[in-house]
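Start at 1 and go down the list; that is how both ligands and their atoms are numbered.
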Amino acid sequence: MKRLDDYRLRFGKKEYVPIMIGGMGVDISTAELALVAARLGGIGHISDAMVPTVSDRRFKTGYVKQKQKKYKFNVANRDKSVVQFDLAMLAEATKMHVGRTMEAKKGDGLIFVNTMEKLTMSAPRETLRVRLTAAMDCGIDGITLSAGLHLGSLALVQDHPRFHDVKFGIIVSSLRALQLFLRKNARLNRPPDYIVVEGPLAGGHLGFGMDWVKFDLKTIVDEIHQFLKQEDLSIPVIPAGGIFTGTDAVEFMQTGAAAVQVATRFTVAKECGLPAKVQQEYFKADEEDIEVNLISPTGYPMRMLKSSPAIGAGIRPNCEAYGYLLDGTGNCAYIEAYNREVDKNPDAEEVSVIDKTCLCTHMRNFDCWTCGHYTYRLKDTARRLPDGTYERLAAEHIFRDYQFSTDHQIALPTG
Ligand SMILES: Cc1cc2nc3c(=O)[nH]c(=O)nc-3n(C[C@H](O)[C@H](O)[C@H](O)COP(=O)(O)O)c2cc1C
């Protein structure tokens, strides 16, 4: 019986354990988590989502306070178009987060950064260019382009000296999205180094509509394999979403996958950024406690625990401090939803906003409990303690369980 360890992911002449831990913003996939994957010969991700905030927490910088102070005058203003990111600050914060992580890397694996296009940050092109450039400058091994079509992202860094050295990957949820990406980037003569195919059972934002249930990862992966074969393109394909056991992974490897990307099982790792109390919510969740909703201002459906404090909260938009989802004109769907509720309830001290959420603030505070479909199986992966709580796992244990398990078994930690 095959184990995931019988396979290797190949980039050029180099080989890796074919396990990629997916990027989980905001700092849920921490540097510590990514470093474990790299040490064990696989691939870890950090995320550059809200990187100034992450840097403040990790390195005691004061980026958020500085921005908040600069735009304090605008807090009560509904028009957020004056709020802009200082690009030098953004570069500095990215370099700290990425650079220090790379300096700490040990082992034969790689560390990539997950870069979401939907973080439009008031000036989509300029801020994205800075995020990509800064990560490349300070030695990142690879960049996974996610949450968006990224039709112009590679062109933003085509003159960077590491343009052909850094691995670039794209996350797609359909063959169409992949074809579009390839067509729009054809003139750069730089195909992606890997393609993550994310199905409808993944955590975070979904690349599907609310009819996600009609789609199936295996079918999409097969279509993409066929297309690549037809086009004579040899690009590693990495399925993601709902791969819960090593055997699930082996089934994809047997049909030609180069590796798998997994995340949900690592949300209960000690190295994961979620607070321990929140991790207990993930452990306890049953299938009916999880939903896919449309409260993210990005417009993409998102999967989360129904008990997430972010659902129905009506806090004042915090764009002066954060503002990561402001578009090029200073708009965010939450601002509109919040103002609508305030106008409807002019005398209320607090409002509740049901249809959208202030994603920046709630992700920053770990109050939006986004999760994969199989979160309800996490309770089967850990030991229950006498007080009824679950014991968090070492990331190494989870990684090795994927690597060596057979027959859909999940090993509980010993000792
Ligand atoms: C808590 C959580 C947060 C996530 N955040 C992001 C993110 O910021 N960007 C992204 O591209 N994918 C994100 N994802 C998706 C994962 O990177 C991964 O592709 C997917 O969840 C794999 O499926 P699995 O969780 O069933 O293993 C997130 C997933 C989880 C569980």
Closest to atom 22 (C) of ligand 1 (heavy atoms only, candidates S146, P239, G241, G207) is G241
If we only count N/O pairs under 3.5 Å, is [X] in contact with ligand 1?
X: I28; value: no
X: Q261; value: yes
X: Y282; value: no
X: M116; value: no
X: Y402; value: no

K95 and D137 ion-paired at < 4.0 Å:
yes
Taking the side chain from [X] and the backbone from [Y], do they hold a donor-acceptor pair closer than 3.5 Å?
X: E117; Y: H150; value: yes
X: S173; Y: G199; value: no
X: Y71; Y: Q84; value: yes
X: K60; Y: R57; value: yes
X: D248; Y: T245; value: yes
X: S296; Y: T298; value: yes
X: T101; Y: H97; value: yes
X: R190; Y: R187; value: no
X: T370; Y: G203; value: no

Where is the nearest protein heavy atom to [atom]: which residue, which atom, and how far?
atom: atom 10 (C) of ligand 1; value: N114 ND2, 3.4 Å
atom: atom 5 (N) of ligand 1; value: M24 CA, 3.3 Å
atom: atom 27 (O) of ligand 1; value: A263 N, 2.9 Å
atom: atom 13 (C) of ligand 1; value: G23 O, 3.0 Å
atom: atom 26 (O) of ligand 1; value: G242 N, 2.7 Å
atom: atom 20 (C) of ligand 1; value: A202 CB, 3.7 Å
atom: atom 25 (O) of ligand 1; value: T264 OG1, 2.5 Å
atom: atom 21 (O) of ligand 1; value: G203 N, 3.1 Å

Determine, step by step, whether T255 and H225 satisfy the side chain to side chain donor-acceptor pair (under 3.5 Å) criterion, reporting the C-alpha distance in whole Å, the side-chain angles of both residues, the deciding distance to 0.1 Å, and the verdict.
CA-CA 9 Å; T255 57; H225 278 313; 5.0 Å; no
Quick one: does A49 get a heavy atom under 4.0 Å from ligand 1?
no
Is it the side chain, the backbone, both or neither of E198 that has a heavy atom closer than 4.0 Å to ligand 1?
side chain
Going by the atom numbers of ligand 1, which of them fall below 4.0 Å from some non-hydrogen atom of G22?
17 (O)
